[in-house]
Amino acid sequence: MSEALKVGAGVALIAGILGILYFYVFSSYVEPEYMDKMYEIAKQEALVDNPKLTEEEIDKGIEMQKSFSWMSYPIILIMNILIGLVVGVITGLILKKEKPAY
């Protein structure tokens, strides 16, 4: 069971790092306007969902999001590892072998 946990967490860590690297390269070099487009979509959704907010208030919220956007990378990595641990536990329980009594 512990081996399944190690493998699950290890694979999830590697997948998380590769995913973060891919997203960084994509949003920085392949499609540099990607994040600006996402913020614009979020602004339009916020205007529809919260008609009482002014455009300035929504712009302040988006600027705050931009200042904390770097936090998404470690959060993605931690979530990947947690999912890997859960998958490792489930896999370990399914594939658990009983040791002989002698």
Side-chain angles (χ1 to χ4, degrees):
M1 173 107 154
S2 65
E3 194 67 29
L5 282 173
K6 289 180 204 174
V7 170
V11 169
L13 177 67
I14 292 169
I17 290 171
L18 290 175
I20 288 171
L21 286 174
Y22 170 78
F23 181 73
Y24 177 76
V25 169
F26 177 77
S27 64
S28 296
Y29 301 107
V30 176
E31 185 75 33
E33 299 88 27
Y34 175 76
M35 292 306 293
D36 292 332
K37 289 178 186 177
M38 290 298 107
Y39 290 129
E40 187 60 35
I41 291 171
K43 181 179 179 178
Q44 296 304 319
E45 288 178 2
L47 284 170
V48 170
D49 293 342
N50 305 304
K52 294 180 182 179
L53 291 177
T54 64
E55 194 166 332
E56 292 79 26
E57 291 172 328
I58 292 174
D59 287 338
K60 281 184 183 178
I62 289 175
E63 289 302 317
M64 188 178 294
Q65 275 183 328
K66 286 180 181 180
S67 67
F68 288 112
S69 65
W70 64 270
M71 288 180 62
S72 64
Y73 294 120
I75 291 171
I76 290 170
L77 198 57
I78 291 169
M79 291 305 295
N80 266 350
I81 293 170
L82 289 175
I83 291 170
L85 286 172
V86 170
V87 170
V89 166
I90 293 170
T91 304
L93 290 173
I94 291 172
L95 300 176
K96 187 176 180 181
K97 294 181 182 178
E98 294 294 326
K99 292 186 179 181
Y102 53 91

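In this chain, residues are counted from 1 in sequence order.
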State the [atom1]-[atom2] distance between [X] and [Y], to the nearest 0.5 angstrom.
{"X": "Glu63", "Y": "Tyr39", "atom1": "CD", "atom2": "OH", "value": "9.0 Å"}
{"X": "Leu77", "Y": "Ile20", "atom1": "CG", "atom2": "CD1", "value": "4.5 Å"}
{"X": "Ile75", "Y": "Asn80", "atom1": "CD1", "atom2": "CG", "value": "12.5 Å"}
{"X": "Ile17", "Y": "Tyr73", "atom1": "CD1", "atom2": "OH", "value": "14.0 Å"}
{"X": "Ile62", "Y": "Asp36", "atom1": "CD1", "atom2": "CG", "value": "10.5 Å"}
{"X": "Leu13", "Y": "Lys6", "atom1": "CG", "atom2": "NZ", "value": "15.0 Å"}

| message | List the residues meeting salt bridge (charged side-chain N to carboxylate O under 4.0 Å, His left out) with Asp59, not counting sequence neighbours, and say none if there are none. | response |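 Applying salt bridge (charged side-chain N to carboxylate O under 4.0 Å, His left out) to Asp59 gives Lys43.
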
| task | Run the salt-bridge test on Lys60 and Glu57 with the 4.0 Å N-O cut-off and return the result as yes or no. | result |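 Result for this pair is no, no salt bridge flagged.
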
Say whether [X] and [Y] are linked into one hydrophobic cluster, either directly or through other cluster members, by side-chain heavy-atom distances under 4.5 angstrom.
{"X": "Leu95", "Y": "Val86", "value": "yes"}
{"X": "Leu47", "Y": "Met38", "value": "yes"}
{"X": "Val87", "Y": "Leu93", "value": "no"}
{"X": "Leu85", "Y": "Val89", "value": "yes"}

| Crowding at OH, Tyr24 (>12 non-hydrogen neighbours, <6.0 Å) |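 No.
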
| said: Heavy-atom count check: over 12 atoms from other residues, nucleotides or ligands less than 6.0 Å from Tyr22 OH? | reply: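 No, because the 6.0 Å sphere around OH of Tyr22 holds 12 heavy atoms or fewer from other groups.
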
| message | Whether the side chain of Thr91 engages the backbone of Gly88 through a donor-acceptor N/O pair (distance < 3.5 Å, no angle test) should be reported. | response |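 Checked: no pair found.
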
